[in-house]
Amino acid sequence: MCGRFTQYFSWQDVHAYASLSSTPVDLSPRYNLAPGQQAAVIRDAVDGRRLSMLRWGLIPFWAKSPDIGYRTINARAETARSKPAFRAAYRARRCAVPADGFYEWARIGSRKQPYLVVRGDAPLMLLAGLWEQWRIPDGQTPTKALGGRQAGDVLETFTILTTEANEAMAPVHHRMPVLLDTELLTPWLAGEDVPLEPCRNELLTILPVSTHVNNARNDDPDCVRPLAALI
DNA sequence: CCAGACGTTGTT
DNA sequence: GTCTGG
DNA sequence: CCAGACGTTGTT
DNA sequence: GTCTGG
């Protein structure tokens with residue numbers, strides 16, 4: 001699956017890699033971005049391809065409370081087209097999540113060994129995603145998750161599509177995010193059908209990292225520092 | 001008809 | 001909002 | 001995703 | 001066990 005990732009790239013990096021047309025935004029480096037937090041997301045708008053900050057965990061427009069967002073950080077690529085929580089977004093609200101890499105955990109008994117997964121051929125990857133708008137209903141008790149927003153405000157959220165692990169990922173975990181090749185970015189954002197399959201094995205470099213990353217409070221370069229070979 | 005779910009992962 | 005189960 | 005809380009009363 | 005916060 002995909003439950004943590006990094007966004008420590010520069011604006012110049014992502015602007016060039018994803019052919020953005022919008023003006024620069026301030027990007028603070030993230031080495032350990034967790035569900036429920038704001039992340040930079042690529043979307044097509046009337047004025048071009050933009051980078052915006054959205055909350056991770058898709059809340060369907062019909063939801064009565066934001067709680068479902070804790071369980072919609074991922075959408076299965078095999079079924080997202082038809083699931084009530086995702087189908088409207090699948091039709092009309094595509095996005096791509098730029099990342100330097102993502103984390104997966106291998107469970108060995110009670111131990112959780114984290115791995116950082118990066119592309120060997122590029123500094124960035126694009127994770128296929130969907131986004132949604134949720135209007136905070138009257139009487140909704142304000143939680144941290146709403147980030148100070150009020151009833152009537154619109155919260156924009158997103159999810160990351162997952163698929164089965166390829167052979168490179170399989171020893172670590174049985175699911176992984178869907179990676180979009182750059183030539184698929186335009187058709188994906190436009191709502192066209194593109195193959196949502198496990199990426200080629202050779203594309204990925206899988207590096208064991210310290211359990212420092214397990215605690216989401218830790219958001220520093222130690223999270224991405226590779227350990228001596230372990231796999 | 002109304003009520004209640006709507007999601008993923010992993011683990012048992 | 002829309003579908004399924006009762 | 002993982003880590004950590006999970007409760008009440010009263011007082012500051 | 002389950003939910004919230006990071």
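The chains referred to below are lettered A, B, ... by the order of the sequence lines, with proteins before strands, and numbering in each begins at 1. Model, not experiment: these values are computed from the prediction.
Of the residues in residues 83-98 of chain A, those lying under 4.0 Å from DNA chain B by heavy-atom distance are A:K83, A:P84, A:A85, A:F86. Of the residues in residues 149-156 of chain A, not one comes within less than 4.0 Å of DNA chain B through any heavy atom. DNA chain B is contacted by no residue of residues 31-43 of chain A, taking any non-hydrogen atom closer than 4.0 Å.
Every residue was checked against the ring-ring contact (aromatic ring centres under 6.0 Å, His included) condition with A:W62, not counting sequence neighbours, and none meets it. In terms of the ring-ring contact (aromatic ring centres under 6.0 Å, His included) criterion, A:Y103 has no residue partners (sequence neighbours excluded). The ring-ring contact (aromatic ring centres under 6.0 Å, His included) test applied to A:Y8 returns A:Y31, not counting sequence neighbours. Residues satisfying the side-chain contact (heavy atoms from CB on, under 4.5 Å) test with A:A151, not counting sequence neighbours, are A:D138.
A salt bridge does not link A:D100 with A:R30: none of the charged nitrogens is closer than 4.0 Å to a carboxylate oxygen.
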Can I get a per-line list of side-chain donor-acceptor pairs under 3.5 Å for residues 163-172 of chain A, giving both atom names and the distance, sequence neighbours left out?
residue : atom : partner : partner atom : Å
A:N166  : OD1  : A:A168  : N            : 3.0
A:N166  : OD1  : A:M169  : N            : 2.9
A:N166  : ND2  : A:C199  : O            : 2.8

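For the salt bridge (Lys or Arg N to Asp or Glu O under 4.0 Å) condition, the pairs that include at least one residue of residues 37-49 of chain A, sequence neighbours left out, are A:R43-A:E156, A:D44-A:R49, A:D47-A:R50. Residue pairs satisfying the salt bridge (Lys or Arg N to Asp or Glu O under 4.0 Å) criterion with at least one member in residues 202-217 of chain A, sequence neighbours excluded, are listed as follows: A:R200-A:E202.
Taking Ile, Leu, Val, Met, Phe, Trp and Tyr as members and joining any whose side-chain heavy atoms lie under 4.5 Å apart, directly or through other members, A:V154 forms no hydrophobic cluster with any other residue.
In secondary-structure terms, DNA chain B builds stems of at least 3 consecutive Watson-Crick or G-U pairs, each pair having both distances under 3.5 Å, at B:1-6 with C:1-6.
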